[in-house]
Q: 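Here you go, one structure.
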Amino acid sequence: MLKFKDFIDTTLREGQQSPLLFDTFKYHFDLKEKKQIIKSLIELGISHFEFFSPMVSDIERKDFLKIKSYVRSISSRKIFLLAHCRCNLNDILTAIKTGFDGLNFYMGISKLAQQTYGKSKKEIIELIKQTVIFVRKKYPQIYLRFSIEDGFRTPLGDIFLVYDQISKFVNTFGLPDTTGVATPDEVKRRIKLLKKRYPQNYLECHFHNDRGYALINTLTAIENGAEYIDTSVWGLGERSGIASITGVLLNLYYLDNKIAEKYRLELCYPLNVLLGSILKMQVPATEPVSLTNRTHIAGVHQDAVLKNKTRYEAHPLERFGVTSRQLLLGPLTGWHHIYYYLKEIKNLKIDEEKAKEITKTFKNKVTKEKNKNPEEVLIEIVKKYSLVKMELPSDFEKKRVEKLD
Ligand code: HCA
Ligand code: CU
């Protein structure tokens, strides 16, 4: 029996630290985009969200306040909004005053961290202990999670030294692989020992992808008893990021179908597309839940797939929303999706303003024209706009098959 409880989405915290936001000249999500992302994740079934500490910037603080009232207005489910905080009283008290439901605090204790802070191991342990106890006494009800940063380059014995002091005062311990050094064997070993030593505390794991191990480490953590797992859309995060929410869900589907089915899996691909349209990029080819995984190039593959798609498609990607129907008519349909669909799937030259206009007409028509599929309705509308096809090599279309129906 898995103990898994939920994902902690950190797209708006860890995700905004992704170099991709620089590469796409985006730098940070605006309030509207943050709301779209969080709404899509709530619809998918996620109930835990991590934000920057309000100390990070005034924009993040103000956006959080608006997002909080937005979240409460769109969902009657209990949604936990958590602040990612340094182990510093000023940061912590500001986060509590701002109205977070809980605090994810963190501090390093490794040799490298001691050098950065200019503090000894003993001093750091004392600081953590005093801070945690102070906050717990002052706020007996608030949800508290504490993480030793760089948890896989810190000897487990040192982690125990800290966690032994505070296990009675926090709800959850974190085990983050800050630098992406962990291997699945070590993840298994550490989780087993932590779960054994702290049976009363939940465990939240967080894996960076520097070695390409974020996904396998995440699954190993779930298999070995982690209750919470940090993910983000596309796995956005520092450097090469963390585990992608839809990549983990696809694998959770194999690991424990009942748990995976608690999420609205058909919203996975629309969620990936939403981020694609915000960043104005295709969903990465490395994403398990992607159109790429339903695209066939070799002639023999195409012939076979047109007769029976399962010949070269082993995974039930339609269940995860990689269908044109779900993309166009899913509950997430907005101009972003229509824009993405026309540009990336139909290869039409289109700008955002036109996509918004077309979406308005589409939304009106699609509910009335019950006998037509949404794709037909959209194509009829689009014809009136005489959009030009992007210039692609003439035999390109024959060389690519996506049988999405
Ligand atoms: C960092 C922070 C963090 C925090 C994870 C956590 C990490 O960049 O140092 O709070 O558990 O990877 O350690 O993202
Ligand atoms: Cu991280």
Side-chain angles (χ1 to χ4, degrees), residues 5-22 48-56 60 80-88 91-92 95 100-117 124 128 131-132 135 143-154 156 158-159 162-163 166 170-182 186-187 190-191 194 198 201-215 217-218 221-222 226-245 248:
K5 286 184 156 317
D6 197 11
F7 297 96
I8 306 218
D9 172 78
T10 183
T11 310
L12 300 185
R13 198 281 293 171
E14 177 83 58
Q16 289 201 88
Q17 297 172 212
S18 166
L20 253 193
L21 266 75
F22 283 75
H48 294 80
F49 294 90
E50 184 181 77
F51 293 80
F52 280 121
S53 138
M55 295 300 282
V56 164
E60 291 300 330
F80 292 84
L81 306 174
L82 311 166
H84 193 245
C85 278
R86 292 176 297 187
C87 196
N88 161 318
D91 287 20
I92 291 167
F100 283 92
D101 300 311
L103 304 177
N104 273 359
F105 36 60
Y106 68 100
M107 188 158 192
I109 192 184
S110 66
K111 285 228 166 63
L112 293 163
Q114 293 171 34
Q115 280 166 17
T116 323
Y117 304 136
I124 300 176
I128 293 172
T131 313
V132 169
V135 178
Y143 171 87
L144 296 180
R145 184 225 66 183
F146 184 84
S147 264
I148 285 290
E149 203 187 8
D150 216 356
F152 286 81
R153 288 198 303 174
T154 305
L156 195 54
D158 286 355
I159 297 182
V162 178
Y163 289 5
I166 57 174
V170 298
N171 306 74
T172 304
F173 283 130
L175 180 61
D177 181 18
T178 308
T179 46
V181 298
E186 188 58 11
V187 170
R190 290 198 171 210
I191 290 182
L194 280 161
Y198 308 108
N201 299 91
Y202 294 133
L203 189 63
E204 174 189 332
C205 294
H206 176 111
F207 298 102
H208 276 268
N209 204 31
D210 303 62
R211 294 178 71 178
Y213 281 179
L215 180 58
N217 283 341
T218 296
I222 296 176
E227 283 87 358
Y228 293 105
I229 286 295
D230 293 2
T231 51
S232 64
V233 185
W234 287 16
L236 287 186
E238 278 280 344
R239 308 184 308 283
S240 53
I242 58 168
S244 124
I245 172 67
V248 179

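In listed order, ligands and their atoms are each counted from 1. Model, not experiment: these values are computed from the prediction.
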Q: Report yes if some heavy atom in the side chain of Met107 is under 4.5 Å from a heavy atom in the side chain of Phe146; otherwise report no.
A: yes

Q: Please could you name the atoms of ligand 1 that Ser147 approaches to less than 4.0 Å, counting only its heavy atoms?
A: 6 (C), 11 (O)

Q: Just to be sure I'm reading this right: ignoring hydrogens, which of Glu238, Glu149, Glu204 gets closest to atom 9 (O) of ligand 1? Compare them by their nearest heavy atoms.
A: Glu149

Q: Closer than 4.0 angstrom: is that true for some heavy atom of Gly174 and an atom of ligand 1?
A: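 The answer is no, since Gly174 has no heavy atom less than 4.0 Å from ligand 1.
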
Q: Can you list the ligand 1 atoms lying under 4.0 Å from a non-hydrogen atom of Pro176?
A: 5 (C), 11 (O), 13 (O)

Q: Just so I know, are the side chains of Val132 and Phe105 near enough to count as touching, which here means a heavy-atom distance under 4.5 Å?
A: yes

Q: Tyr202 ring centre to Arg145 NZ or CZ under 6.0 Å, with the angle to the axis within 45°?
A: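 Judged by the rule, Arg145 and Tyr202 form no cation-pi pair.
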
Q: Quick check: do Ile242 and Glu14 have side-chain heavy atoms less than 4.5 Å from each other?
A: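 Ile242 vs Glu14: side chains touch.
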
Q: Between Glu14 and the Cu ion (ligand 2), is there a contact where an N/O/S atom of the residue lies under 2.8 Å from the metal?
A: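 Coordinating: yes.
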
Q: Would you say Glu50 touches ligand 1, if touching means a heavy atom closer than 4.0 Å?
A: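 Per 4.0 Å heavy-atom rule, Glu50 does not contact ligand 1.
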
Q: How does Arg13 reach ligand 1, if at all, at less than 4.0 Å between non-hydrogen atoms: by side chain, backbone, both, or neither?
A: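 The part of Arg13 near ligand 1 is the side chain, not the backbone.
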
Q: Quick one, Arg190 and Phe152 - any side-chain contact, counting heavy atoms below 4.5 Å?
A: yes

Q: Does any part of the side chain of Ile159, heavy atoms only, come nearer than 4.5 Å to the side chain of Phe173, both counted from C-beta?
A: no

Q: Between ligand 1 and Asp230, is the shortest N or O to N or O distance under 3.5 Å?
A: no

Q: I need the nearest protein heavy-atom contact for atom 13 (O) of ligand 1: residue, atom name and distance, please.
A: Thr178 OG1, 2.6 Å

Q: Would you please classify the geometry between the Tyr228 ring and the Tyr143 ring as parallel, tilted or perpendicular, with 30° and 60° separating the classes?
A: perpendicular

Q: Does any N/O atom on His84 come nearer than 3.5 Å to any N/O atom on ligand 1?
A: yes

Q: For atom 10 (O) of ligand 1, which candidate among Arg145, His206, His208, Glu14 provides the closest heavy atom?
A: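 Shortest heavy-atom distance from atom 10 (O) of ligand 1: Arg145.
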
Q: So do Leu236 and Leu21 actually touch side chain to side chain, heavy atoms under 4.5 Å?
A: yes

Q: Under 3.5 Å, N or O to N or O, is Tyr106 touching ligand 1 that way?
A: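 No.
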
